[in-house]
Amino acid sequence: MEEIKRTKVKELLKSTPGQDVIAKGWVRTRRGNKNVSFIALNDGSTINNIQIVVDMASFDEEKLKKITTGACLCVKGRLTESLGSGQAVEIQAQEITIYGEADPASYPLQKKGHTLEFLRSIAHLRPRTNTFGAVLRIRHAMAFAIHKYFNDKGFVYLHTPLITASDCEGAGEMFQVTTLDLNNPPRKEDGSIDYSQDFFGKQTSLTVSGQLEGELGAMALGEIYTFGPTFRAENSNTPRHLAEFWMIEPEMAFYEIEDNMELAEDFIKYLVKYALDNCMDDLQFLNDMFDKELLARLKSVVNTEFVRLTYTEGIRILENSGEKFEFPVSWGVDLQSEHERYLVEKHFGRPVIMTDYPKEIKAFYMKLNEDGKTVRGMDVLFPKIGEIIGGSERESSLEKLEARIKELGMRRDTLEWYLDTRRFGSAPHSGFGLGFERLLLFVTGMGNIRDVIPFPRTPKNAEY
Ligand code: 4AD
Ligand code: MG
């Protein structure tokens, strides 16, 4: 007889009854009486479980006692049509091997309905819950769709460095990377730390963005994207900020701001549609459990045109809104999440792409408009999230860029290589950064960014 191989639960649930199969997975629940036991087995391939039917008389009682929630099993048996409601097929167990027991007295995932806060405290086990299984499968599907989208468009995936000596956003929110002895660092005559003796011979940090190196790629390969972890040492304890998050940053030669906006809108709609087309079981679960409007919201985004609005127009709307904001608005202020959400959720009722911000509140590399006051930045603002994308057309003039760097008092010596893009064969170009976890907040409907990444890094928290 041919040896049977393990079949994943996702496949089993679609298979025709009448064949002998092997399933492997973790026990979610077990119920029954003294004659028959029903085990719900899950192997992570789908939100759905396969039901294992155990005839108590055919198995050793001591062994059956060890089949508790969390235990890992290998089950051989016959796939049969299920008479019970809720599933088409089930497995009539013939042989059961217990790979690993899970002591009911100490396994923390006993009952259903643990709070998300509690699950955060056991982030090493939470992938075994329905919720995190769903979120992590959607996270995977979105990562795959991102590569597919850009690959289909002929973009080159560029790997930009994680350790860098430059501060892309100029916000000083960088984690230092050093091998110097922090208790006794070498010092220069003036008392400052002598980084020439450090590992890289200069002061280095973890990157806040791959954009600057991405621009080098765009000015050679035409259209590139990066997709990697970025790091921000900003002490923001909010449901939308992580100290380590993943960012997707396309950068395109010959794109002006309008082309950039079009790409951003098309990209997000493609990803949301991909989720609807490929992750429906998981989305349906999240819709039922957490957010009854999730599916409706996702479908609506795919089908609506994003509003395009200048910062100046946005400020006018906010000023005339009659709304009492925690942070008052006037031309020149950086918009807070409450302002962004007012525009998106209350005023327009759909996503907004805001452009032409005051140069003072944006990074040095953005293209200066003719008015000399605003820059061609663009933020995509989303319901429930606020800013999901930040980007701009880049300043392509060497003189203007040099002037801006000087004006801001930035260190030029760490940016000479970047200025070479403007010195040699400069061209109009644009790009943006999509926060991967912000996208996932939107797609999963989860309310806290700590719940859409396997192991969140936030102030005072670097567990696992
Ligand atoms: O707006 P940001 O700071 O833009 C940049 O870094 C540009 N260099 C991108 C580019 O043009 N290539 O960040 C981009 C996006 C934000 O819109 C947000 O979605 C996300 O990154 N983001 C964060 N996500 C989670 N936690 C944080 N602390 C984040 N900071 C930014
Ligand atoms: Mg931003």
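Remember, it's 1-based here, ligands and their atoms both numbered in the order they're listed.
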- Message: Is it the case that over 12 heavy atoms from other parts of the model lie below 6.0 angstrom from the NZ atom of Lys292?
- Response: yes
- Item | Candidates Glu313, Glu258, Glu265 - the one meeting salt bridge (charged side-chain N to carboxylate O under 4.0 Å, His left out) with Arg308 | Glu265
- Message: Quick check on contacts: which atoms of ligand 1 are under 4.0 angstrom from a heavy atom of Met247?
- Response: 6 (O), 13 (O), 14 (C), 15 (C), 21 (O)
- Item | Polar atom proximity, Val208 to ligand 1 (N or O, under 3.5 Å) | no
- Looking only at heavy atoms of Glu215, does any of them come nearer than 4.0 Å to an atom of ligand 1? no
- Which of the numbered atoms in ligand 1 are below 4.0 angstrom from a heavy atom of Ile449? 25 (C)
- Under 4.0 Å from any heavy atom of Arg240, which atoms of ligand 1 are there? 25 (C), 26 (N)
- Query: Tell me: protein heavy atom nearest atom 5 (C) of ligand 1, and distance?
  - Reply: Glu169 OE2, 3.3 Å
- Taking ring-ring contact (aromatic ring centres under 6.0 Å, His included) as the test, write out the residues that go with Phe150, two or more places apart. Phe155, Tyr225, Phe267
- Note on the structure: Listed as residue and atom, the protein N/O/S atoms under 2.8 Å from the Mg ion (ligand 2) are Glu387 OE2
- Task: Please check if any side-chain donor atom of Glu213 sits under 3.5 Å from a side-chain acceptor atom of Tyr418, or the reverse.
- Result: no
- Item | For ligand 1, the portion of Phe432 having any non-hydrogen atom under 4.0 Å away | backbone
- Query: Between Met366 and Glu393, is a side chain to side chain contact (heavy atoms under 4.5 Å, CB included) present by the stated rule, with each step listed?
  - Reply: CA-CA 6 Å; Met366 294 195 183; Glu393 182 169 344; over 6 Å; no
- With heavy atoms of Tyr365 as the reference, note each atom of ligand 1 found under 4.0 Å away. 7 (C), 8 (N)
- Message: If the cut-off is 4.0 Å to any non-hydrogen atom of Gly391, which atoms of ligand 1 fall inside it?
- Response: 11 (O)
- Message: Checking Arg120 against Asn448 for the side chain to side chain contact (heavy atoms under 4.5 Å, CB included) test, could you report, in this order, the C-alpha distance in whole Å, the side-chain angles of both residues, the deciding distance, and whether it holds?
- Response: CA-CA 11 Å; Arg120 247 169 256 151; Asn448 193 314; 3.7 Å; yes
- Taking only heavy atoms of Gly390 into account, list the atoms of ligand 1 that are under 4.0 Å away from them. 1 (O), 9 (C), 10 (C), 11 (O), 17 (O)
- Relative to the heavy atoms of Glu249, which atoms of ligand 1 are at a distance of less than 4.0 Å? 7 (C), 8 (N), 9 (C), 10 (C), 12 (N)
- Task: May I ask you to list the atoms of ligand 1 that are less than 4.0 angstrom from any heavy atom of Ser209?
- Result: 6 (O), 8 (N)
- If you measure only the distance, is there a donor-acceptor pair under 3.5 Å linking the side chains of Gln176 and Tyr195? yes
